[in-house]
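The structure appears right after this line, and notes come after that.
Chain A is the first sequence line, chain B the second, and so forth, proteins listed ahead of strands; every chain is numbered from 1. Bear in mind that the values here come from a model prediction, so they are computed numbers and not experimental data.
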Amino acid sequence: MSMTKNLIVVVVLAAICAIAGFAGGWFLAWSRAKSTIASLESRAASLELQLQQLQQQQQQPPPTQKPQKIKAAWIYIGPVEDYGWTYGHDRGRRIVAELFKDWLEVHAVPDVRDASKCAQVIDKLVAEGYQVIFTTSFEFMDVTYEAAKRYPDVIFFHCSGYKRYKNMGTYFADLYQIYYLNGLIAGALTKTNRVGYVAAHPIPEVIRHINAFAIGVKEVNPKAKVYVLWIHEWYAPDKARELAETLINKYNCDVLAFTEDSPAVVEVCQEYYEKGKPVYVFSHYSPMLNYGKDVCVSGQLVHWEVIYEDILLKIKQGIYNTTNLENVDYWWLLREGAVELGCDYGVPINPKFESILKSIRVNETVVLPNGTLVENPSVYDLVFIRLEQMKQDNPTFDPFTGPIYDQDGNLRVPPGERLGHDALWTMDWFVDNVVGEIPKGGG
Amino acid sequence: MKKIRIRVERVYEVPLWLRIVIPIIAILVALSIIAIIFLIQGINPIIAYAEIFHDAFLTTYGIKFNVVKLIPLLLCSLGLSVAFKANVWNIGAEGQLLMGAIAATWIALFKLKGYPSYIVIPAMYVLGFIFGALWALIPALLKAKFEVNEIITTLMMNYIAMKLVLFLIYGPWRGTTTWKYPITDEFPAEAQLPLIPGTLIHWPSLLIALILVPVIYLFLKRTKIGYEISVFGLNPNAARYAGINKTKVLVIVMLISGGLAGIAGVGEVAGIHHRLRYPSSISSGYGYTAIITTWLAKLNPLLLLPTTFFFGGLLVGGDVIKIDLRLPSSVVYLFNGLILTSLVSSDILLRYRIRLLVVGEEDDKCHS
């Protein structure tokens with residue numbers, strides 16, 4: 001066997017691949033160059049045309065189109081039954097479908113697991129005549145953006161991203177204020193001064209929720225620490241359960257909060273309660289009181305329908321069209337009613353915990369929106385005062401108001417200052433009473 | 001007294017018509033099982049099937065996306081057909097694909113940022129091949145030197161590759177313009193593969209795949225090393241007596257197999273996503289589906305074209321069920337899974353035949 005001969009075969013093969021690649025590249029460069037010249041020539045002609053069009057437009061503004069009927073479709077990354085993120089969006093869709101049933105036709109495509117599949121679903125939906133398409137995962141941002149360019153007559157709205165186009169807006173309902181309110185309660189209820197947090201992915205959204213929660217804990221209980229463990233998944237009931245048990249048994253936490261799209265953590269706490277070791281918990285995203293009647297104190301609820309209602313109504317009225325969405329970005333909070341405090345709709349605090357929360361006093365003085373001073377309010381009252389303050393048109397309170405220090409003791413927010421949208425959206429540090437670290441390299 | 005016996009016999013010569021008819025029957029069997037599910041859901045199965053196959057194979061929409069899925073499937077399958085020919089079970093195309101994606105990202109965002117596309121794009125393909133090949137080289141050497149089972153090692157290395165992608169997008173390569181989301185920055189225009197207008201088909205990758213179909217076929221059929229690979233696959237001991245170097249065969253098949261999967265990975269990130277992102281988004285299991293398309297094609301590179309096209313269509317068709325028929329997505333997985341199961345299990349009918357023997361008491365002569 002001559003090794004050289006075989007080596008030659010391998011080299012030849014590699015060469016073929018290389019040649020194919022290089023040929024592709026050359027051809028590409030050549031065609032690009034050719035098209036550049038062609039496009040330069042055609043640009044001169046089209047500029048003239050544009051000028052004429054502009055002049056015409058100035059004389060008579062185009063009438064705003066008002067669609068008679070609207071066909072709107074939603075693309076979800078997960079199953080509707082996840083009882084978290086996708087469930088929340090689908091609930092919003094069902095509510096607006098009922099509300100606008102005279103002129104709105106809706107359709108939902110769940111379980112579109114990856115970006116390229118999303119591109120395909122968009123093409124299909126456009127071909128079927130859907131005029132408004134909502135894509136509800138960060139994974140879909142790039143393909144939605146490309147689709148917006150490809151289909152200039154369709155309106156796109158993407159949830160959780162930052163790319164916009166003339167026919168593509170963005171929206172998000174954020175829970176950080178609610179997490180802060182939950183933190184106030186957690187700080188009051190913990191006896192071990194150890195509060196646990198089962199966290200999904202280490203991205204700014206989750207980090208800001210953990211920080212808001214920790215700020216609430218600190219306000220009521222400066223001695224308490226928040227212990228964070230990461231799942232590295234959005235939906236993983238088994239891992240959530242495992243980490244919840246670790247926090248309870250190994251870290252001695254007696255109050256838990258979490259970000260994960262299932263009621264697993266609530267169920268764990270209910271089990272511990274029934275075993276005679278009460279661990280309290282906050283429901284996440286959907287009402288989870290039924291999964292933990294004795295342990296679910298409060299929680300975060302989302303109302304996507306509020307945003308969907310606003311968007312669809314404005315499209316119907318012709319306020320939003322395919323040319324003016326470049327700067328349309330919803331970042332809706334308590335003020336707009338996109339989020340709610342509670343473990344069930346209309347149940348901000350589980351009645352079981354009312355008396356104990358009313359009996360615990362907080363050592364601070366709060367100024368009510370109407371100007372009166374409240375000294376040493378109960379935790380219960382403090383929660384509702386803060387809730388009202390954040391619901392105001394110009395909120396008189398925000399959890400991310402300085403002074404705020406990070407884990408290394410650096411002053412991150414100077415006294416009296418409030419963090420703005422951009423700082424919150426790129427948050428990559430923990431406040432000083434959080435124990436745990438933000439993984440720098442995934443998981 | 002006469003008895004009837006059932007005997008299963010090995011068949012060595014399978015007529016061509018049987019090779020075509022049996023897979024078709026298998027698909028029909030699967031379809032009729034799924035028809036029951038459709039009926040339970042209150043959907044006329046005939047209309048449903050007509051819609052799925054019409055959309056997946058007869059509309060421009062379906063074919064466009066079919067081809068998008070065909071590109072990585074074909075590239076991975078071509079490599080796997082070489083490895084499987086040598087009876088080397090490379091289950092790691094998925095991870096090798098991801099390594100190619102990492103290589104492309106490194107070239108596009110760091111190593112050759114700012115270079116013109118006629119340098120960047122070929123460099124991405126070449127380095128993608130090398131990264132995929134090197135990833136596959138590790139199990140190859142482990143198998144050659146220490147007899148470590150390559151099924152386990154290649155499969156496990158998929159997970160390592162996935163974690164490596166996650167490490168990069170959460171850590172050192174996390175984008176600077178992406179609001180701290182775990183994705184890399186977008187590839188510059190020079191590093192984005194050109195598309196056939198109006199589609200997501202990155203034609204340079206398609207071209208490479210199509211050129212490689214006859215190349216791999218001839219490589220396996222006509223070259224000495226291709227012959228050695230076949231002999232080694234049929235009987236490693238005989239190959240050893242014939243003086244075929246085991247290490248060399250293992251290394252060569254794994255390098256080719258991994259390298260081609262790496263090229264598929266380059267196509268996915270440079271052609272479709274334009275950045276490195278969650279592994280599940282870069283490849284929706286192409287490396288695994290390619291195992292099936294390769295088997296369906298009986299390891300014949302020329303037959304890979306129809307099988308990958310068919311499977312691309314199945315993937316598209318599955319989504320059609322979801323969108324048009326409004327069925328839960330679990331039905332889609334059932335649909336794909338049943339077709340797979342019956343196709344793979346029908347294989348036994350090609351290799352064995354069942355005979356009914358009427359056995360008499362006087363003599364054990366066989367009458368039919």
Side-chain angles (χ1 to χ4, degrees), chain A residues 1 3 5-6 9-10 13-14 16-18 20-32 79-80 107-117 119-121 123-125 127-128 138-139 141-143 146 150 161-162 201-204 207 232 422 425-428 439-443, chain B residues 61 64-65 68 116-122 124-126 129 163 166-172 178-182 186 194 198 200 204 207-208 211-212 215 219 223-225 243-245 248 252 255-256 259 263 268 272-275 277-278 280-281 284 316 319-320 322-323 326 328-329 332:
Chain A
M1 299 271 70
M3 193 66 197
K5 241 184 188 176
N6 300 315
V9 174
V10 177
L13 260 175
I16 287 167
C17 293
F22 272 106
W26 273 113
F27 185 71
L28 167 75
W30 169 73
S31 65
R32 281 249 170 107
V80 172
H107 180 34
V109 185
D111 241 346
V112 178
R113 304 246 165 132
D114 58 77
S116 58
K117 203 170 261 187
Q120 177 193 334
V121 173
D123 272 24
K124 176 91 181 150
L125 291 168
E128 290 182 3
F138 181 74
E139 284 293 293
M141 177 178 72
D142 290 328
V143 288
E146 294 301 321
R150 208 160 58 235
Y162 52 83
H201 282 288
I203 61 166
I207 292 166
H232 298 288
D422 291 4
W425 269 67
T426 54
M427 194 168 265
D428 58 357
K440 291 283 178 268
Chain B
Y61 152 78
K64 257 159 52 178
F65 280 99
V68 173
S117 53
Y118 58 85
I119 292 174
V120 176
I121 288 176
M124 284 196 293
Y125 280 124
V126 171
F129 184 93
K163 296 288 175 190
L166 284 174
F167 168 76
L168 290 170
I169 59 176
Y170 273 102
T178 58
W179 293 92
K180 298 271 165 69
Y181 275 105
E186 201 151 19
L200 290 176
L207 191 72
I208 293 175
I211 291 172
L212 283 172
V215 169
F219 168 72
T223 63
K224 182 158 152 287
I225 180 76
I244 294 171
N245 183 338
K248 191 185 73 186
I252 287 176
L255 284 181
I256 294 173
I263 288 183
E268 292 308 291
I272 295 176
H273 300 290
H274 302 151
R275 57 169 109 236
R277 57 189 323 145
Y278 274 1
S280 59
S281 241
S284 45
V316 175
D319 298 325
V320 171
K322 208 151 57 184
I323 305 169
R326 303 176 184 218
S329 51
V332 181

How far does [atom1] of [X] sit from [atom2] of [Y], to the nearest 0.5 angstrom?
{"X": "B:S284", "Y": "A:R113", "atom1": "OG", "atom2": "CZ", "result": "11.0 Å"}
{"X": "A:E139", "Y": "B:Y181", "atom1": "CD", "atom2": "OH", "result": "11.0 Å"}
{"X": "B:R277", "Y": "A:D142", "atom1": "CZ", "atom2": "CG", "result": "5.0 Å"}

Check each atom of [X] against the heavy atoms of chain B and say whether the ones under 4.5 Å are side chain, backbone, both or neither.
{"X": "A:V121", "result": "both"}
{"X": "A:M141", "result": "side chain"}
{"X": "A:I207", "result": "neither"}
{"X": "A:A119", "result": "both"}

Determine whether [X] and [Y] make a side-chain contact, defined as any pair of heavy atoms from C-beta on separated by less than 4.5 Å.
{"X": "B:T178", "Y": "A:Y162", "value": "yes"}
{"X": "B:K180", "Y": "A:W425", "value": "no"}
{"X": "B:Y170", "Y": "A:P202", "value": "yes"}
{"X": "B:S280", "Y": "A:D114", "value": "no"}

Discussion item. Taking side chain as everything from C-beta outward and backbone as N, CA, C, O, which of these in B:V316 sits under 4.5 Å from a heavy atom of chain A? Side chain, backbone, both or neither.
Written reply: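 Both parts, backbone and side chain.
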
Practice prompt. Using non-hydrogen atoms and a 4.5 Å limit, figure out which bit of B:E186 sits close to chain A: side chain, backbone, both or neither.
Written response: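 Interface part for B:E186: side chain.
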
Item to complete: Identify the heavy atoms of B:S281 and A:A115 that sit nearest to each other, and give their distance.
Response: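 Heavy atoms only, the tightest pair is OG-N, 3.3 Å.
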
Worksheet item: Who passes side chain to side chain contact (heavy atoms under 4.5 Å, CB included) against A:E146, sequence neighbours left out?
Response: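 With neighbours one apart ignored, the set is A:K149, A:R150.
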
Worksheet item: Mind checking what makes side chain to side chain contact (heavy atoms under 4.5 Å, CB included) contact with B:K64, not counting sequence neighbours?
Response: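 Per chain and number, B:K64 pairs via side chain to side chain contact (heavy atoms under 4.5 Å, CB included) with A:D123, B:T199.
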
